[in-house]
Amino acid sequence: MDHAADTFRTDLMTITRHVLNEQSRHPESRGDLTILLSHIVLGCKFVASAVNKAGLAKLTGLAGETNVQGEEQKKLDVLSNEVFVNALVSSGRTCVLVSEEDEKATFVDPKLRGKYCVCFDPLDGSSNIDCGVSIGTIFGIYMIKNQDTVTLEEVLQPGKDMIAAGYCMYGSSCTLVLSTGNGVNGFTLDPSLGEFIMTHPDIKIPPKGKIYSVNEGNAKNWDTPTAKYVEKCKYPTDGSSPKSLRYIGSMVADVHRTLLYGGIFLYPADKKSPSGKLRVMYEVFPMSFLMEEAGGQSFTGKGRSLDLIPTDIHERSPIFLGSSDDVEEIKALYAEEAKKAGSA
């Protein structure tokens, strides 16, 4: 990319322009999703600004409360949650919200309701705030059939029913990655314009990658297929070079790198967390949706991640996602293990 030439470009594809272009592909559309996404974008800009000055504004550190997961809340977590709840409710296009920070789903006042459910993690990777590592916001959007009588059961939809998903990463630059079911595009915030500009059009994950991403500190508690796969990454038996280990500990940052460079991100179940650690509705589903839209795969150890039907808004699941060929390898190891168990 010629950054010097880009400085003087006048025909910029902003995220608003892109979403409006997508809307024009559906003549029956009334623009509700476009309006909702514009409010999410505003929330991301607000949080990006807060993250950039967090140390100066004393927004780091603990807020003195714990969230539903039992994790101590950071001040910035609380602020980000409030920002997104307010932005989503004021859009007039949502009827129910599911946030990592709130124990119960938020049902929007009937007078302000629209037809969408938004599930979100307002500040993923918040344990990294104080050391300046990339953190982010993750969101997934569903359609609700009847907004006036919406129930919690209608919120618990499989990931394959999601109509849009994305994440915003707050790091050396602020990058928003979005899919409305027609491919994946990346946008970078230009602070001088206050606009997200398309910088990564039509993202496609390489079919095979050279990087694996996993917390090896949990290795002693892994199941056999995960242990075998990681061993194979480090000591390949086919004469190929070992894969490189890259693990940031912030899901948004690890998945973003995987999406751009290829490879695999693993957060398996283990003896300490038999149901896995990552939350289905606002971490596993949105990231799996994006990965599949970019040509990759996402697997739970038993099946396709997006086929899961959650029974609780804060349900957890194991996840293996990334390049198609790499995920196929871990799927084969789980199939082999299941076959052994079946014949035992």
Side-chain angles (χ1 to χ4, degrees), residues 1 12-26 33-34 36-38 40-41 43-44 48 116 118-121 124 134 136-143 158-171 173-190 195-209 211 213 248 250-265 278 281-299 304-307 319-327:
M1 184 179 286
L12 298 172
M13 179 60 78
T14 66
I15 192 165
T16 305
R17 181 176 163 189
H18 169 73
V19 171
L20 285 169
N21 285 352
E22 288 292 300
Q23 180 188 319
S24 68
R25 295 157 59 95
H26 305 277
L33 182 60
T34 302
L36 175 57
L37 288 170
S38 72
I40 291 174
V41 168
C44 291
Y116 296 109
V118 182
C119 306
F120 62 99
D121 184 346
D124 176 73
S134 295
T137 297
I138 309 171
F139 61 91
I141 302 172
Y142 292 92
M143 183 92 76
K160 63 186 177 185
D161 290 349
M162 195 172 273
I163 61 167
Y167 61 80
C168 189
M169 184 175 71
Y170 314 110
S173 61
C174 178
T175 304
L176 196 154
V177 173
L178 174 70
S179 175
T180 55
N182 185 38
V184 182
N185 293 281
F187 305 82
T188 302
L189 183 62
D190 182 338
E195 288 281 2
F196 280 99
I197 309 298
M198 186 181 284
T199 49
H200 298 77
D202 195 22
I203 297 170
K204 296 293 182 193
I205 185 170
K208 192 171 179 67
I211 296 170
S213 183
I248 298 165
S250 169
M251 187 189 190
V252 168
D254 279 313
V255 170
H256 185 65
R257 183 200 57 249
T258 305
L259 194 61
L260 295 184
Y261 299 162
I264 188 168
F265 170 82
L278 297 178
M281 296 197 68
Y282 40 80
E283 291 175 327
V284 171
F285 279 169
M287 292 310 201
S288 300
F289 183 90
L290 290 166
M291 201 57 71
E292 287 198 8
E293 281 291 320
Q297 289 196 66
S298 182
F299 178 63
R304 179 189 178 210
S305 298
L306 293 179
D307 286 339
I319 188 170
F320 307 87
L321 57 76
S323 295
S324 189
D325 291 356
D326 293 321
V327 176

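Computed over heavy atoms, backbone and side chain alike; hydrogens, waters and symmetry mates excluded.
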inquiry  = If you compare all heavy atoms of Pro206 against all heavy atoms of Tyr261, which two are closest, and at what distance to 0.1 Å?
reply    = CG-O, 3.7 Å
remark   = Minimal heavy-atom distance between Arg17 and Leu12, with the atoms involved, is NH1-O, 3.0 Å
ask   = Should the pair His18 and Phe187 be assigned to parallel (<30°), tilted (30 to 60°) or perpendicular (>60°) ring geometry?
value = tilted
task = Flag the pair Leu178 / Phe196 as yes when at least one side-chain heavy-atom distance between them is below 4.5 Å, and no otherwise.
result = no
query = For the side chain of Asn185 and the backbone of Asp202, is there at least one donor-acceptor N/O pair under 3.5 Å apart?
reply = yes
query = With a 4.5 Å heavy-atom cut-off, do Leu189 and Leu176 have their side chains touching?
reply = no
Gly209 backbone acceptor or donor facing Asp326 side chain under 3.5 Å = yes
query = Considering all heavy atoms of both residues, which atom of Gly295 and which atom of Ser324 are nearest to each other, and what is their separation?
reply = O-CB, 4.0 Å
ask   = Going from NZ on Lys204 to CG on Leu259, what distance comes out if it is rounded to the nearest 0.5 angstrom?
value = 10.5 Å
request  = List in chain and number order the residues that pass side chain to side chain donor-acceptor pair (under 3.5 Å) with Thr14, two or more places apart in sequence or in another chain; answer none if no residue qualifies.
outcome  = none
task = Could you give me the CA-CA distance, side-chain angles and deciding distance for Val19 and Val41, then say whether side-chain contact (heavy atoms from CB on, under 4.5 Å) is met?
result = CA-CA 11 Å; Val19 171; Val41 168; over 6 Å; no
query = What's the spacing between Leu37 CG and Ile15 CD1 if we round to 0.5 Å?
reply = 7.0 Å
key: Side-chain touch Leu33/Gln23, heavy atoms, less than 4.5 angstrom   = no
message = Measuring only between side-chain heavy atoms, which start at C-beta, is Val184 closer than 4.5 Å to Ile205?
response = no
query = Is the backbone of Leu306 close enough, under 3.5 Å, to the side chain of Ser288 for a donor and an acceptor to pair up by distance?
reply = no
message = Nearest 0.5 Å, please: how far is NE2 in His256 from CG in Leu290?
response = 11.5 Å
query = Between CZ of Phe285 and CG of Leu278, what distance do you get to the nearest 0.5 Å?
reply = 13.0 Å
message = Give me the atom names and distance for the closest heavy-atom approach of Val118 to Phe139.
response = CG1-CB, 4.5 Å
task = Report yes if some heavy atom in the side chain of Phe120 is under 4.5 Å from a heavy atom in the side chain of Pro286; otherwise report no.
result = no
key: Ser179 (side chain) donor-acceptor with Gly183 (main chain) under 3.5 angstrom   = yes
query = For the side-chain contact (heavy atoms from CB on, under 4.5 Å) test, which of Met287, Gln297, Glu292 pairs with Leu321?
reply = Met287
message = Using only atom types and a distance under 3.5 Å, with no angle test, would you say the side chain of Asp254 pairs donor to acceptor with the backbone of Ile248?
response = yes
query = According to the interplanar angle, ranging from 0 to 90°, do the rings of Phe320 and Phe299 count as parallel (below 30°), tilted (30 to 60°) or perpendicular (above 60°)?
reply = tilted
Shortest non-hydrogen contact from Ala253 toward Met169 = CA-SD, 3.8 Å
task = Could you go through the side-chain contact (heavy atoms from CB on, under 4.5 Å) check for Val177 and His200 one step at a time?
result = CA-CA 9 Å; Val177 173; His200 298 77; over 6 Å; no
ask   = Are the side chain of Thr188 and the backbone of Thr175 linked by a donor-acceptor contact shorter than 3.5 Å?
value = no
inquiry  = On a heavy-atom basis, which atom in Ile211 and which in Gly262 lie closest, and how many Å separate them?
reply    = CB-O, 4.2 Å
ask   = Are side-chain heavy atoms of Ser305 and Ile319 found at a separation under 4.5 Å?
value = yes
task = Hey, could you give me the OG/CG distance between Ser298 and Asp307, rounded to the nearest 0.5 Å?
result = 10.5 Å
query = Just how far is it from atom OH of Tyr170 to atom CG of Asp124, taken to the nearest 0.5 Å?
reply = 10.5 Å
task = May I have the step-by-step check of side-chain contact (heavy atoms from CB on, under 4.5 Å) for Glu283 and Ile138, ending in yes or no?
result = CA-CA 7 Å; Glu283 291 175 327; Ile138 309 171; 4.1 Å; yes
